[in-house]
Asks: 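I have a structure here, written as structure tokens, and I will follow up with some questions on it.
As a basis for the values below, the full set of heavy atoms in this structure was taken, side chains included, without hydrogen atoms, waters or symmetry mates.
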Amino acid sequence: MKSTYPELPGSLLLVEEETLARWREDDLFRRTLEANADGEPFVFFEGPPTANGRPGLHHIISRTIKDLVCRHRSMEGRSVTRIAGWDTHGLPVEIEAEKKLGISGKPEIEAIGIARFNEVCRESVFTYKEEWENLSERIGYWLEYWRPYVTFHTDYIESVWWVLKELSGSGLIYRGHKSVPYCPRCGTALSSHEVAQGYEDVEDPSLTFVADIVDASGAPDPDGRAFLVWTTTPWTVPSNVGLAVNPGLTYVEVAHDGRRLIVAEALAADIFGEDVEIVARHRGDTLAGLRYRRPLDLVPAPEHVGNAWTVVAEDFVSAEEGTGIVHMAPAFGADDYAAGQRHDLPMLNPLDEAGHFVESIPVVGGMFVKDADPLLVEELRRGGGLFHIGTSVHSYPHCWRCGSPLLYVARDSWFAATSTLKDQLIANNDRISWFPPEVGEKRFGEWLRGNVDWALSRDRYWGTPLPFWVCDEGHLHVVGSLAELSELAGPLPDDFDPHRPFIDEITFACPECGGVMHRTPEVVDVWFDSGAMPYAQWHYPFENVEDFESHFPADFICEGLDQTRGWFYSLLAISTMLGRGPAFLNVVVNDLILDVDGQKMSKSKGNVVNPWDAIGEHGADAVRWYLITSSSPWVPKRYDPAGVREASRKFFDTLFNTYRFFALYARVEEWHASEADPQPAERPFIDRWLLSRLDTVVRAITEAMDGYQITRAYRTLGDFVVEDLSNWYVRRCRPRFWGNTDAADARAAFRTLWDALRTVALLAAPCAPFSSDWMHRALTEESVHLQRYPAHSGASDAELEADMEAARTLVSLGRAAREDVQIRVRQPLRILYAVVPGGRSLHGALLDLVRDELNVKSVEFLESAEDIVRLVARPNFRELGPRFGKRTQVAADAIRGLDQAALAAFRGGAAVEIELDGQRHTLQPGDLDVVQEATGDLVVKEDGSYTAALDPALDDELRAEGMARELVNRIQRLRKDAGLEITDRIELALAGSEAVQGAARTHQVFIAGETLAVSVTVGDEGISDGFEHVRDTDIDGVPARIALRASATVG
RNA sequence: GCGUCCGUAGCUCGGCAGGUAGAGCACCCGCCUGAUACGCGGGAGGUCGUUGGUUCGAGCCCAACCGGGCGUACCA
């Protein structure tokens, strides 16, 4: 049994500190895992962050959601495995290492040596590991950091190899020569989802050049005809080997400066102006096969010329932009490459690995491509081939890590043939529930429908080495395990590190031809690492086979929207290629966190919020609560510290105050939950109401949580705590908690409030794990995180709740009426007339409650006072619409026009008709509401179908009572100022005008009772020297004198 | 360009299968002040981005447009 109810620490921050210490002491997280070890699994996958970057505020939102969902399921008894993960390979790490070593680019890396370079990578991988772990702990994100999966660990790599071997076995791995996005700085190709991360608007040259037509022998065209060609990449012009036209478009020859320039007809006016001189017209297909002189003769002609420098017909050519004639450089463009293959166009690639022209090229040798643009334009001008040069802004892909503009270059790469499984990818995606759905259906769905093969290889150093060995004959052997490798190549050392450069040295005899097999030098795309985590986190299939089977697929994952093409895709692509269906079944997507002004947070803008600052200022629970309740996770969220403060004040302060109230009196009265507490059915109306509300709230929250509508769930809880629990239940029930002579009633009140607080703690636990745990321990001495989440019992009573709703609405209206006539609530009034929709009327305790709240002697429901009532018809469009169609408004007008007698009759159940265009229609009960409006000297307030009419008339009796209440109010203030304890008894003397004295005498017993006065004397003569505290005061202009002293009588 | 989300009171956001606009904060007025330097009540404040359309009736459905975010795309 609870010995006592502890004081709340002074702030949320202190509550969190204290709770965090308890968790550490109790090793609580592990205990929750152990408690549910035999429960039905709820499978969660942690998307691995890179620990060589610091965690930001945006990480807090997804981590809060992850934690919230996992805690919720855990409280439902599910066994939730929450293995941490670290993404440790790839370009981000390598770039960091380059900086650390003060080098840049592949030649410098290789000069230092791959061994040394990778050593630095390995060291930097965990730079911020501790900060991540500490932040996770501080925000209450429970994750099994003691057994993380780490993508550079040998076991992990071995599982990735296994995956690759499986894929290879299914014929999904191939080496291809394709045009791929290529980062010249990093010297490697990128996958399409990496490219998607780096689009930026840039200003590029807009170049239009001339390509003179020649005949088969190379002689100029006798008519001086030439093509006009547009490009935004002048550096590709030396590599031009073809022009493409659309076979179906019409092209025109335009006389211009002695030449006849060919462009698409649709664009002629844009290029030459309205008064173009058109000399001839051609269909595109008739132009195909024409030869032209290459615009720049810098790159040596290839050995196999093929159809170089001829016009080809391609459907992708449009007349939207440029000239309608497309410059083709198959070495630098996917369309160009494909068309080149079709038409036997050669590839001219004068670039080195770093995107520089090779030294042997005249004019631009050794230059970076983008820097060469102006020189090439100048070169064109000199040869007479320049038509126009300008600039245009368009969005262009950049390296997602280093920011260099990407080049599209035809290169050898390893691919996974995902596009052959497009239908399965789509089918598997259909089995995933996305929150919000449109991300899955639209954004991700579109992406899948446009799926291209996954370029897996990276020409880099720090990554999972591709386990592909190739011999001179071109035979491929994929190694799927370390055991297999040692079988082929001899024993491996115990501490074998599968990374480069060591792995590169391993060779073995080709199983097919006996030749020497060397490992292909590339490493794998990091996204492949992370997408393989479902298997590799268990070192599957080498170990933990059962663990893996019971933890696939994930029931739930949650990451930022930016992972749509990242982790979400790699998980699905790999599981689909393995034939295992979707890797996850539910995914919550969160959007960006913006600053107060809606700007993206970025270091350059200096508007980044440090998560430690946010938590240090407001507390983790407040930040968590704010992030969850301010708006749905999937809409961009503006982070507003003022909003966090408000959330904190509103929810946490209210909840804490409610606890303080409970604890204060529970201590005084020494109440503890026990069998002696009355059963709910035996408790007063308001207790049963609160318990009903609680059950309704539990049901609503459960439904919302099950549907991953966590924002809705916690808004519901917040509203309950503030509106129902604190502002209504506690406020109404305050007197029941102290000095209550009805012991059963006191027990009922304490028990109800205790139950409510405890249930709120349980419900809040997933979202606000610290304060809920503090409170739950304070109430029960047990951690909230080892309890079961509340299940709704069906105890809710809709009638009860509707009655209370009606009462609260009437109270609200009554207050508004008092406001109108400026009569404060302390002044009693005679009567309130009330109308409640549906003919509901209130009785008993509820009626007392309304009378008490409004301080009126009686409340009458208007059936009994029809002489002061006017009936008003309110048409119900929902019913009338379907019945009257176009004439709904006419019918509504007719109903509004019904007279008092007709309405009274209708209310009484008689048949009433309206006439429309000569036709009579009998009104059905649902067609209209008959509402009563008060008339006369009453103050009337309405809200929907509610009406409250207050009689503001005062008489002497009411005035005296009002005065008595004012006196009580002043006496209480004086008591407080005098420093008396709540329970101290006093001796009281009152004096003042006739009104004061009269009221004091009439209501002496009342005043004494309210103020704990053992004696009351009235009149000036009563105030003698013996009173320590004397005060002259003023009650609405009436002077009064109050005197009191502590009584010797023990209370 | 295409796609998607968003646009509702000064600010942050609700608005449940279309039935005639809400909450919180801030502001103003009042009340309360023996759990709560907090609370309560009230008030003012909106042509629901614009324009059309469907409908008896549109914040909600459709179309176009405007503004913003994000995504996407090697249209050279």
Side-chain angles (χ1 to χ4, degrees), chain A residues 179-181 192 195-196 199 229-233 236 243-244 316-329 332-337 394-397 406-408 436 438-439 441-443 446-447 450 561-562 564-565 591-592 594 596 598 600 629-632 634-638 640 642-643 646 649-650 653-654 656-665 712 715 719 722 726-727 730-731 734 737-738 811-812 814-820 822 824-826 875-892 941 969 972-973 975-976 980-983:
Chain A
S179 183
V180 288
S192 46
V195 175
Y199 275 86
V229 189
W230 178 65
T231 182
T232 53
T233 49
T236 62
L243 299 178
F316 70 79
V317 178
S318 77
E320 305 277 307
E321 229 180 342
T323 63
I325 298 167
V326 172
H327 149 64
M328 311 261 290
F332 307 113
D335 280 345
D336 306 34
Y337 179 83
H394 62 155
S395 84
Y396 192 84
L406 300 180
L407 310 179
Y408 284 85
E438 63 269 13
V439 173
E441 284 159 24
K442 307 286 177 60
R443 185 174 288 213
E446 291 300 325
W447 161 258
L561 188 60
D562 54 340
T564 311
R565 269 73 181 188
D591 207 324
L592 292 172
L594 310 170
V596 197
K600 202 169 167 174
T629 58
S630 68
S631 62
S632 291
W634 40 85
V635 300
K637 199 178 303 293
R638 297 185 178 199
D640 182 7
E646 185 191 326
R649 265 212 326 271
K650 219 177 131 179
D653 287 359
T654 304
F656 288 167
N657 282 332
T658 307
Y659 169 78
R660 275 197 198 98
F661 172 86
F662 165 82
L664 174 65
Y665 294 117
R712 178 173 300 176
R715 281 178 170 172
D719 287 347
V722 175
S726 172
N727 291 349
V730 174
R731 185 167 68 78
R734 240 179 331 213
F737 289 90
W738 67 284
V811 167
S812 179
R815 294 238 175 86
R818 277 183 172 272
E819 185 71 22
D820 268 11
Q822 293 288 305
R824 65 172 62 109
V825 182
R826 274 199 297 271
N876 181 6
F877 286 93
R878 208 185 272 277
E879 292 291 326
L880 299 177
R883 186 162 157 210
F884 291 101
K886 282 187 197 306
R887 291 183 301 163
T888 301
Q889 290 299 348
V890 188
K941 286 283 165 181
N969 172 260
Q972 300 289 31
R973 282 192 216 178
R975 276 186 63 114
K976 193 177 183 185
L980 296 180
E981 292 300 316
I982 302 173
T983 48

Asks: Report which part of the nucleic acid A/Arg443 touches: base, sugar-phosphate, or nothing (heavy-atom distance under 4.0 Å, all strands).
Replies: base
Asks: A/Arg815 side chain N/O closer than 4.0 Å to the phosphate oxygens (OP1, OP2) of B/rG42?
Replies: no
Asks: Would you mind reading off the distance between A/Met328 atom CE and B/rA76 atom P, rounded to a whole angstrom?
Replies: 14 Å
Asks: What's A/Thr231 touching, base or sugar-phosphate or nothing? Going by heavy atoms closer than 4.0 Å.
Replies: sugar-phosphate
Asks: Examine distances only and state if a side-chain atom of A/Ser632 and a backbone atom of A/Trp634 form a donor-acceptor pair shorter than 3.5 Å.
Replies: no
Asks: To the nearest 0.5 Å, what is the distance between OH on A/Tyr408 and CG on A/Asp336?
Replies: 12.0 Å
Asks: As a test of reading the structure: which of B/rU20, B/rG69, B/rA35 is closest to the side chain of A/Gln889, going by heavy atoms?
Replies: B/rU20
Asks: Whole Å only: how far is the CZ atom of A/Phe316 from the C1' atom of B/rG1?
Replies: 17 Å
Asks: Taking atom P of B/rU55 as reference, at what distance in whole Å does atom CZ of A/Arg883 sit?
Replies: 22 Å
Asks: Across the strands shown, which category fits A/Val635 at heavy-atom distances under 4.0 angstrom: base, sugar-phosphate, nothing?
Replies: nothing
Asks: If you find the nucleotide of RNA chain B closest to A/Lys637 and the one closest to A/Gln972, which residue's nucleotide is nearer the 5' end?
Replies: A/Lys637
Asks: Name the pairing partner of B/rG14, where a pair is Watson-Crick or G-U wobble with both distances under 3.5 Å, or state none.
Replies: none
Asks: Hunt down the Watson-Crick or G-U wobble partner of B/rG67, both distances under 3.5 Å, from any strand shown, or write none.
Replies: B/rC6
Asks: Can you work out whether A/Arg887 or A/Thr658 has the more 5'-proximal nearest nucleotide on RNA chain B?
Replies: A/Thr658
Asks: Quick one: label A/Tyr408 by what it contacts on the DNA or RNA (base, sugar-phosphate, nothing), any heavy atom closer than 4.0 Å.
Replies: base
Asks: From B/rU33, B/rC56, B/rU36, pick the nucleotide closest to the side chain of A/Asn657?
Replies: B/rU36
Asks: Just call it for A/Lys976: base, sugar-phosphate, or nothing, with non-hydrogen atoms closer than 4.0 Å on any strand.
Replies: base
Asks: Measuring only the C1' atom in each nucleotide, how far is B/rG68 from B/rU8? A whole number of Å is fine.
Replies: 16 Å
Asks: Measure from CG on A/Asp653 to P on B/rC38 and round the result to the nearest Å.
Replies: 8 Å
Asks: Which base, if any, makes a Watson-Crick or G-U wobble pair with B/rA73, both distances under 3.5 Å?
Replies: none
Asks: Measure the shortest side-chain to side-chain distance between A/Phe877 and A/Thr888 over non-hydrogen atoms and say whether it is less than 4.5 angstrom.
Replies: yes
Asks: Partner of B/rA35 by Watson-Crick or G-U wobble geometry, both contacts under 3.5 Å, or none?
Replies: none
Asks: Measuring from the side chain of A/Arg715 (C-beta onward, heavy atoms only), which nucleotide among B/rG14, B/rU20, B/rA76 has the closest atom?
Replies: B/rG14
Asks: Without decimals, in angstroms, what is the distance between A/Arg638 CZ and B/rG7 C1'?
Replies: 11 Å
Asks: Would you check if the side chain of A/Lys650 reaches a backbone N or O of A/Val722 as a donor-acceptor pair within less than 3.5 Å?
Replies: no
Asks: If B/rU54 has a Watson-Crick or G-U wobble mate with both distances under 3.5 Å, name it; if not, just say none.
Replies: none
Asks: Could you report the tightest heavy-atom contact between A/Val635 and A/Ser631, atom names first, then the distance?
Replies: CG2-OG, 3.5 Å
Asks: Of all the choices, B/rC75, B/rG41, B/rG3, which nucleotide is nearest to the side chain of A/Glu446 once you look at every atom?
Replies: B/rG3
Asks: Considering just the side-chain nitrogens and oxygens of A/Asn876, establish if one lies under 4.0 Å of OP1 or OP2 belonging to B/rG19.
Replies: no
Asks: For atom P, what is the distance between B/rC13 and B/rC56, given to the nearest Å?
Replies: 37 Å
Asks: Rounded to whole angstroms, how far apart are CG on A/Asp591 and P on B/rG69?
Replies: 13 Å
Asks: For B/rU72 and A/Arg565 - does any side-chain N or O of the residue sit under 4.0 Å from the phosphate oxygens OP1/OP2?
Replies: yes
Asks: Rounded to whole Å, how long is the line connecting atom CZ of A/Arg731 with atom C1' of B/rA35?
Replies: 13 Å
Asks: On a whole-Å scale, what distance lies between the C1' atoms belonging to B/rC60 and B/rG22?
Replies: 15 Å
Asks: Which is true for A/Glu438 with a 4.0 Å heavy-atom rule: it touches a base, it touches only sugar-phosphate, or it touches nothing?
Replies: sugar-phosphate
Asks: When all nucleic acid strands are considered with a 4.0 Å heavy-atom cut-off, which category describes A/Phe662: base, sugar-phosphate, or nothing?
Replies: nothing
Asks: Could you tell me how far B/rU20 sits from B/rG67 if I compare only their C1' atoms? Round to whole Å.
Replies: 28 Å
Asks: Please tell me if A/Tyr659 has a side-chain N or O lying less than 4.0 Å from either OP1 or OP2 of B/rA35.
Replies: no
Asks: Mind checking what makes salt bridge (Lys or Arg N to Asp or Glu O under 4.0 Å) contact with A/Arg883, not counting sequence neighbours?
Replies: A/Asp927
Asks: Which class fits the ring pair A/Phe662 and A/Tyr659: parallel under 30°, tilted 30 to 60°, perpendicular over 60°?
Replies: tilted
Asks: Given B/rU12, is OP1 or OP2 found less than 4.0 Å from the side-chain N or O atoms of A/Ser631?
Replies: no
Asks: Measure from OH on A/Tyr396 to C1' on B/rA73 and round the result to the nearest Å.
Replies: 13 Å
Asks: Does B/rG43 pair with anything, Watson-Crick or G-U wobble, both distances under 3.5 Å, and if so, with which nucleotide?
Replies: B/rC27
Asks: Donor-acceptor check, side chain of A/Arg887 to backbone of A/Ala892, threshold 3.5 angstrom: yes or no?
Replies: no
Asks: Which whole number of Å gives the distance between the C1' atom of B/rG45 and that of B/rG10?
Replies: 9 Å
Asks: Among B/rG19, B/rC70, B/rC25, which is the nearest nucleotide to the side chain of A/Glu646?
Replies: B/rC25
Asks: Closest to the A/Leu664 side chain: B/rA35, B/rA73, B/rA76?
Replies: B/rA35
Asks: Looking at A/Arg649 and B/rC38, is any side-chain donor or acceptor paired with a base atom of the opposite kind under 3.5 Å?
Replies: no
Asks: Just call it for A/Leu407: base, sugar-phosphate, or nothing, with non-hydrogen atoms closer than 4.0 Å on any strand.
Replies: nothing
